[in-house]
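Note sheet for the following structure.
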Amino acid sequence: MSDEEKKRRAATARRQHLKSAMLQLAVTEIEKEAAAKEVEKQNYLAEHCPPLSLPGSMQELQELCKKLHAKIDSVDEERYDTEVKLQKTNKELEDLNQKLFDLRGKFKRPPLRRVRMSADAMLRALLGSKHKVCMDLRANLKQVKKEDTEKEKDLRDVGDWRKNIEEKSGMEGRKKMFEAGEN
């Protein structure tokens, strides 16, 4: 093994060792956080929810139920209020994000459709009533005459095949046979 290869292997082994050590630290930190959250939860419940003591008489039980129902109603109202506040805040955040994107100029472009439009129509759409010049793009084109080739002449002259059958067949008998078939 060369010296460079040993150095590479050592560096790789060191990286892997550091990575595993970091993962172990992360796992212990996560476990500590979970334990701290559990302790915090227990403290909160002990403070806000004292242990339930059930009274012996029916009237005292009914009083306790009424108190519990009143507490449930107040908690539901608080929950509803916080949900409404959260929805309002989320809406404001969305609006602000949209404004931010608009200000930056980075917005999602809608898919464009191809539209066939003349140059005049395009100028009218862009300039509105200011557009007075008529652009006929074909006006300045040169007129080009087509050169007649022999094949094109033949095709034009042939027209109806019955007229030129004599030239095409080369035999008089074929023409007579063909004319007899028509009648």
Spatial distance of atom CG (Asp81) from atom CG (Leu86) [nearest 0.5 Å]: 12.5 Å
Residues in salt bridge (Lys or Arg N to Asp or Glu O under 4.0 Å) contact with Glu4, at least two apart in sequence or another chain: Arg8
CG on Leu96 to CG on Leu100, rounded to 0.5 Å: 8.5 Å
From Leu103 atom CG to Gln98 atom CD, the distance as rounded to the nearest 0.5 Å: 10.5 Å
Return all side-chain donor-acceptor pairs below 3.5 angstrom for residues 28-37, not counting sequence neighbours, or 'none' if the list is empty.
unit_1 : atom_1 : unit_2 : atom_2 : d
Thr28  : OG1    : Gln24  : O      : 3.3
Thr28  : OG1    : Leu25  : O      : 2.7

Pairs touching residues 31-56 that satisfy ring-ring contact (aromatic ring centres under 6.0 Å, His included), sequence neighbours left out: Tyr44-His48
N/O donor to acceptor pairs below 3.5 angstrom from side-chain atoms of residues 59-79, sequence neighbours left out:
unit_1 : atom_1 : unit_2 : atom_2 : d
Ser74  : OG     : Lys71  : O      : 2.8
Arg79  : NH1    : Glu83  : OE2    : 3.0

Residues in side chain to side chain donor-acceptor pair (under 3.5 Å) contact with Gln42, at least two apart in sequence or another chain: Glu38
All side-chain contact (heavy atoms from CB on, under 4.5 Å) counterparts of Thr12, not counting sequence neighbours: Arg15, Gln16
Any residue meeting salt bridge (Lys or Arg N to Asp or Glu O under 4.0 Å) with Lys91, in chain and number order, not counting sequence neighbours: Asp95
ILVMFWY clustering at 4.5 Å (side-chain atoms), partners of Val84: Tyr80
